[in-house]
There are 2 protein chains.
Amino acid sequence: MSSCDCNIIHEEAVEKARKLMPEESKLYELADLFKVFGDSTRVKILYAISDFEMCVCDIALLLGMTQSAISHQLRVLKQARLVKYRKNGKSTFYSLDDEHVELIFKQGLMHINE
Amino acid sequence: MSSCDCNIIHEEAVEKARKLMPEESKLYELADLFKVFGDSTRVKILYAISDFEMCVCDIALLLGMTQSAISHQLRVLKQARLVKYRKNGKSTFYSLDDEHVELIFKQGLMHINE
DNA sequence: TGAACATATGAACAAATATTCATATATAAT
DNA sequence: ATTATATATGAATATTTGTTCATATGTTCA
């Protein structure tokens with residue numbers, strides 16, 4: 001909560017920056033959204049179901065992880081409205097619920113591959 | 001590490017999904033990148049410096065946080081190649097080092113605001 | 001109805017991480 | 001040179017979070 005002499009010069013800039021900042025709550029929502037993308041298991045799941053729906057068990061098999069771990073992560077993805085599901089008999093099939101997911105990934109990959 | 005009866009039906013799908021998955025290392029890189037975006041302090045910093053460069057002290061003042069906390073987070077952003085800096089006398093001025101940052105934010109906001 | 005199966009979930013544990021505090025480094029000014 | 005200022009950084013702490021384990025729920029099939 002300190003200040004520096006820069007402020008004398010840049011006081012205006014700080015004030016200007018403050019005005020340009022989005023609402024506090026939006027910033028938290030944004031960070032929370034990206035937090036969901038910030039785990040390799042969830043990234044793998046999202047890629048796995050990006051071409052066609054898959055059941056929980058198959059995702060677990062594909063990623064070599066337990067059903068429980070996958071189910072917990074699907075819950076997180078569901079809460080973030082990134083995946084949707086369809087129940088059929090004993091199985092539940094998950095698929096992407098957002099066209100932004102692929103765009104966000106694409107931008108991320110562009111940053112990595114430059 | 002279990003399997004289910006779905007696999008008998010969807011064995012092909014699992015194999016197909018496996019082939020469509022990007023390299024393991026890319027997925028980790030991607031998750032690590034989004035992890036950087038997944039913290040509200042870092043999101044705030046990125047927004048703060050998105051219009052013009054700011055010194056560490058001013059960012060701290062703007063966000064109402066300690067210089068130390070901001071400096072630690074700037075280090076994370078630097079390592080992810082999301083910010084660049086310019087030293088001038090005692091001060092260090094940080095600015096965005098990637099045109100993708102704004103695009104990624106934009107996509108994130110579109111998801112939130114739908 | 002009972003057994004087998006697919007998924008979900010709560011609690012516990014382990015690992016990762018954000019902030020604070022103290023201090024180091026580096027530049028500027030007197 | 002000494003002092004003040006701006007930033008960086010290591011260690012410690014507190015919190016968050018991912019996985020595991022055990023178990024609950026719900027569906028199918030004999």
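In what follows, chains are A, B, ... by sequence order, proteins preceding strands, each numbered from 1.
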Return the value, rounded to whole Å, for the distance between atom CE of B/M65 and atom C1' of D/dA6.
-> 18 Å
Indicate yes or no: at least one non-hydrogen side-chain atom of A/M21 is less than 4.5 angstrom from one of A/L27.
-> yes
Can you check the B/K90 NZ to D/dA8 C1' distance for me, whole Å?
-> 16 Å
So, is B/T41 near the phosphate of C/dT19, with a side-chain N or O under 4.0 Å from OP1 or OP2?
-> yes
For D/dA8, take OP1 and OP2 only and decide whether either is under 4.0 Å from a side-chain N or O of B/S68.
-> no
With respect to the side chain of A/A69, which nucleotide from D/dT9, D/dT17, D/dT19 is positioned closest?
-> D/dT19
To the nearest angstrom, the CD-C1' distance between B/Q73 and C/dT20 comes to 13 Å
Salt-bridge contact A/E24-B/K44 (side-chain N to carboxylate O under 4.0 Å) = yes
Base, sugar-phosphate, or nothing: which does B/F93 touch, judged by heavy atoms less than 4.0 Å apart?
-> nothing
For D/dA6, take OP1 and OP2 only and decide whether either is under 4.0 Å from a side-chain N or O of B/Y85.
-> no
Taking C/dA8, D/dA8, C/dT20 as options, the one with an atom nearest any side-chain atom of B/S71 is D/dA8
Check whether any side-chain N or O of B/R42 sits under 4.0 Å from OP1 or OP2 of C/dA18, and answer yes or no.
-> yes
Start at the 5' end of DNA chain D and walk down; is the nucleotide closest to A/D32 or to A/N88 reached first?
-> A/D32
Would you mind classifying the nucleic acid contact of A/K87 as base, sugar-phosphate or nothing, using non-hydrogen atoms under 4.0 angstrom?
-> nothing
How many Å lie between CG on A/L74 and C1' on D/dT17, as a whole number?
-> 17 Å
Using whole Å, report how far CG of B/L77 lies from P of D/dT9.
-> 14 Å
Is B/K106 atom NZ crowded by more than 12 heavy atoms from other residues, nucleotides or ligands, each under 6.0 Å away?
-> no
Hey, is NZ on A/K78 packed in by over 12 heavy atoms from elsewhere, all under 6.0 Å?
-> yes
Between CG of B/L63 and P of C/dT19 the distance, given in whole Å, is 10 Å
The nucleotide from C/dA8, D/dT17, D/dA8 with an atom nearest the side chain of A/K35 is D/dT17
Ignoring backbone atoms, test whether B/T92 places a side-chain nitrogen or oxygen under 4.0 Å from the OP1 or OP2 oxygen of D/dA6.
-> no
May I ask you to test the A/L74-A/V56 pair for a side-chain heavy-atom distance under 4.5 Å?
-> yes
Step through it carefully: locate the ring centre of A/F105, locate the ring centre of A/Y47, and say whether they are under 6.0 Å apart.
-> yes
Examine the base of C/dA8 for any acceptor or donor lying under 3.5 Å from a partner atom in the side chain of A/Q67, and report the outcome as yes or no.
-> yes
Atom-pair distance (NZ on A/K78; C1' on C/dT9), nearest Å | 10 Å
Does D/dT9 have B/H72 stacked on its base, where the ring centres are within less than 5.5 Å and the planes differ by under 30°?
-> yes
To the nearest Å, give me how far apart CG (A/D39) and C1' (C/dT17) are.
-> 14 Å
